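Structure first, then comments.
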There are 2 protein chains.
Amino acid sequence: MPRAATSSDVFNAVAEPQRRAILDFLATDERPVGDLVKALGLSQPSVSKHLRVLRQLDLVRARRDGRRVLYRTNAGAIRPLHEWAGTFERFWSQQLRRIKERAESTHRESRR
Amino acid sequence: MPRAATSSDVFNAVAEPQRRAILDFLATDERPVGDLVKALGLSQPSVSKHLRVLRQLDLVRARRDGRRVLYRTNAGAIRPLHEWAGTFERFWSQQLRRIKERAESTHRESRR
DNA sequence: GAATCATATGCCAATACGGGAATATGTCAA
DNA sequence: TTGACATATTCCCGTATTGGCATATGATTC
């Protein structure tokens, strides 16, 4: 079995750095494809292909405006990722607490 | 250019569902490989290969205990993912606010 | 309708994948 | 040392990938 398709879920879709760059770029405003081509320095076909993957997962939404197509990020579709990663939050903060405690006790040691 | 290697960054590593399952399973306690094999229903070689990818990115840490090797999740390595996704939080909550407002105004309409 | 601008799709190459089976390495116990 | 147990590595296969280039589709203007 090969790797899951990039368009199979959000995790696979955002594994590609250029697609994350696209989501970042389209987060605040809607933009035509041409703007992305300029901003990312990729070829126009490459950008269109990335947008297709993102559109299939509803990570971006498109709207036609004359001869251009305006895209924008649909932030809500990124939530599942944030939530999954968030389930580990209590573990890493626990770890940070332990490190801090150890640092403090070392500090006390050195003052003796 | 092919897809980036699974071991190239955290985003690619956690794109694989079985690897996320491993991270979930090892989040609370350290466990030997055999436990993972039982819990995930995967072959032992498959599990070892997934663990290798995760270890290369410091997403899990290993410790030998006799003939077994105990693994545990290093939650801190998941933070970058949580933080990237978190940059979109203000956008999706904005969207939710807009939806709520619209629902309320519709409610007022219908009461007139 | 023809020319033009903006975007999408098709085909190609090289590459890395995940799973299975077989085998290698490492550790303990008798 | 030999055997048994636990884990890691190697080899193979079918598959989906990203990016480049050429080309198709869609919309506008003349």
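Every chain is numbered from 1, with letters handed out A, B, ... down the list of sequences. On a predicted model such as this, the values are computed, not experimentally measured, just so you know.
A donor N or O paired with an acceptor N or O is found under 3.5 Å between the base of dA8(D) and the side-chain atoms of Gln44(B).
Rounding to whole angstrom units, NZ of residue Lys38(A) and C1' of dC5(C) are separated by 13 Å. Lys49(A) places its NZ atom 9 Å from the P atom of dT18(D), with the value rounded to the nearest Å. In this structure, the CZ atom of Arg52(B) is 17 Å from the P atom of dA24(C), given to the nearest Å. One atom, CG of Leu54(B), and another, C1' of dG18(C), lie 14 Å apart when rounded to the nearest Å. Atom CG of Leu40(B) and atom P of dG18(C) are 15 Å apart (whole Å). Rounded to a whole Å, the CG atom of Leu70(B) is 8 Å from the P atom of dT7(D). Summarising the geometry, the separation between CG on Leu42(B) and C1' on dA21(C) is reported as 15 Å, rounded to the nearest angstrom. Between Ile22(A) atom CD1 and dT18(D) atom P the separation is 11 Å, expressed in whole Å.
Proximity of Arg55(B) to the phosphate of dA8(D): a side-chain N or O atom is located under 4.0 Å from OP1 or OP2. For the pair Arg19(A) and dT18(D), the criterion of a side-chain N or O lying under 4.0 Å from OP1 or OP2 is met. Listed pair Thr6(B) / dC17(C) meets the phosphate criterion, a side-chain N or O lying under 4.0 Å from OP1 or OP2. Between Tyr71(A) and dA6(C) there is no side-chain N or O to OP1 or OP2 distance below 4.0 Å.
Between Glu16(A) and Arg3(B) there is no salt bridge, since none of the side-chain N atoms of the basic residue sits less than 4.0 Å from a carboxylate O of the acidic one.
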Trp84(A) vs Asp24(B), side-chain hydrogen bond (donor to acceptor under 3.5 Å, both in side chains): CA-CA, chis, key distance, verdict: CA-CA 9 Å; Trp84(A) 178 78; Asp24(B) 290 337; 3.2 Å; yes
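The nearest heavy atom of DNA chain D to Arg68(A) and to Ala4(B) marks one nucleotide each, and the one closer to the 5' end goes with Ala4(B). Along DNA chain C, the nucleotide closest to Pro2(A) and the one closest to Asp35(A) are compared, and the more 5′ of them pairs with Asp35(A). For Gly66(A) and Val69(B), each mapped to the nucleotide of DNA chain D holding its nearest heavy atom, the one lying further toward the 5' end belongs to Val69(B).
Counting any heavy atom pair closer than 4.0 Å across all strands shown, Ser43(A) reaches sugar-phosphate atoms only and no base atom. Within 4.0 Å of Pro45(A), counting heavy atoms only, lies at least one base atom of the nucleic acid. Arg67(B) comes within 4.0 angstrom of a nucleotide base, judged by non-hydrogen atoms across all strands.
The side chain of Glu16(A) sits closest to dT18(D) out of dG26(D), dT18(D), dA8(D). Checked against dG26(D), dT27(C), dT7(D), the side chain of Arg64(A) finds its nearest nucleotide in dG26(D). Closest approach to the His50(A) side chain among dG19(D), dT18(D), dG18(C) is made by dG19(D) (side chain taken as heavy atoms from C-beta onward). When distances are taken from the side chain of Met1(B) to each of dA8(C), dA8(D), dG19(D), the shortest belongs to dG19(D). Closest contact between the side chain of Val33(B) and the listed nucleotides dT7(D), dA16(D), dA8(C) involves dT7(D).
The neighbour count for Arg52(A) CZ, taken as heavy atoms of other residues, nucleotides or ligands under 6.0 Å away, does not exceed 12.
With Leu59(B) as the fixed residue, the side chain to side chain contact (heavy atoms under 4.5 Å, CB included) test singles out one of Ile22(B), Val53(B), Leu54(B): Leu54(B).
Note: Trp92(B) and His82(A) have perpendicular aromatic rings, judged against thresholds of 30 and 60 degrees for the angle between ring planes.
For the pair Arg31(B) and Tyr71(B), the cation-pi criterion (under 6.0 Å, within 45° of the ring axis) is not fulfilled.
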